[in-house]
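Take a look at the structure below.
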Amino acid sequence: MLLRGLLGPGAARSGLRGLVLLLLSLGGASRASEITFELPDNAKQCFYEEIAQGTKCTLEFQVITGGHYDVDCRLEDPDGIVLYKEMKKQYDSFTFTASRNGTYKFCFSNEFSTFTHKTVYFDFQVGEDPPLFPSENRVTALTQMESACVSIHEALKSVIDYQTHFRLREAQGRSRAEDLNTRVAYWSIGEAIILLVVSIGQVFLLKSFFSDKRTTTTRVGS
């Protein structure tokens, strides 16, 4: 068997167990909320999360479309103490450790915009990923298969982060391109209208230069 030949006689069983644990761990990561939502103009949207004391959390957000791609963000603990507050940010990331049990609130505000709605993406991670193996922190070294599973798991997490990042970049770039295309179309239509008006004006002006002016004479009788 190829697996047994690569790992040696004593590692095949633990290697298979490691692969099963790897597949299970992909569905049992830390609790996270990843949402993309529309934020209308003059509007404010808040989200709530129950967090236990001592839990490490990370809030990351980015404005994908709308206006100058900026938004206000505010994070409060259960006592209403402001942990994070930024005005007109395009994107940012904030990491904190919960000081007490309770409901934490974070809000995104577009109240400074009078007519432009925004599309906002945020990722709120609560807690850290559990160890890939229950005995990962043991004194003895991991087997070759377990070490490979840990490396693959970390690489997959990096791939997911990069994919999310590039999807956001692609969506933002597409929005900018569509906005620029709309502006260019309106500018072209305006130029065409101005050119048409100027051309018609020049035709009438030249026609007035070459038209015969009739003169009328009046006799004054005695």
Any side-chain heavy-atom pair of V126 and E49 under 4.5 Å: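 The answer is yes, as the side chains (C-beta and beyond) meet within the 4.5 Å cut-off.
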
Side-chain touch L75/F96, heavy atoms, less than 4.5 angstrom: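 They are in contact (side-chain heavy atoms under 4.5 Å apart), so the answer is yes.
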
Donor-acceptor under 3.5 Å ([X] side chain, [Y] main chain):
X    : Y    : value
S113 : N110 : no
T55  : A52  : yes
E60  : F94  : no
N101 : Q53  : yes

Write out all pairs satisfying disulfide (SG to SG under 2.5 Å) with one or both partners inside [range], taking only residues at least two apart or from two chains.
range            : answer
residues 176-211 : none
residues 40-85   : C46-C107
residues 156-193 : none

For A43 against P40, the heavy-atom pair lying closest together: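 Of all heavy-atom pairs spanning A43 and P40, the closest is CB-O, 3.3 Å.
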
Roughly how far, to the nearest 0.5 Å, is the [atom2] atom of [Y] from the [atom1] atom of [X]?
X    : Y    : atom1 : atom2 : value
D72  : F112 : CG    : CZ    : 5.0 Å
F124 : Y104 : CZ    : OH    : 9.0 Å
I51  : S99  : CD1   : OG    : 10.0 Å
K56  : T97  : NZ    : OG1   : 6.5 Å
T116 : Y69  : OG1   : OH    : 10.5 Å
F122 : T36  : CZ    : OG1   : 8.5 Å

Full working for side chain to side chain contact (heavy atoms under 4.5 Å, CB included) between H117 and E38: CA-CA 7 Å; H117 74 280; E38 295 263 344; 2.9 Å; yes

Which pairs with one or both residues in [range] pass salt bridge (charged side-chain N to carboxylate O under 4.0 Å, His left out), sequence neighbours excluded?
range            : result
residues 167-178 : E170-R174
residues 94-121  : D70-K118, E76-K105, D79-R100
residues 85-99   : none
residues 195-208 : none

T119 side chain to T65 side chain, donor-acceptor N/O pair below 3.5 angstrom: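 On atom types as modelled, these side chains qualify, holding a pair under 3.5 Å.
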
D161 versus Q163, side-chain donor and acceptor atoms under 3.5 Å: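 No.
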
Distance-only donor-acceptor pairs under 3.5 Å for side chains of residues 183-192, two or more places apart:
from	atom 1	to	atom 2	distance (Å)
W187	NE1	E191	OE2	2.8
S188	OG	V184	O	2.8

Residue list, side-chain hydrogen bond (donor to acceptor under 3.5 Å, both in side chains) with T58, at least two apart or on another chain: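 Applying side-chain hydrogen bond (donor to acceptor under 3.5 Å, both in side chains) to T58 gives T95.
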
Please say yes or no: joined through hydrophobic side-chain contacts below 4.5 Å, possibly via intermediate residues, are [X] and [Y] part of one cluster?
X   : Y    : result
F47 : V120 : yes
F37 : L59  : yes
V71 : I35  : yes

Connected hydrophobic set around [X], excluding itself, where side chains approach under 4.5 Å:
X    : value
I160 : none
L196 : I200, F204
Y162 : F166

Test of ring centre spacing under 6.0 Å for Y121 and F61: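 No; F61 has its ring centre 6.0 Å or more from that of Y121.
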
OH (Y91) with more than 12 external heavy atoms under 6.0 Å: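 No - once you tally the heavy atoms of other residues, nucleotides and ligands closer than 6.0 Å, there are 12 at most.
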
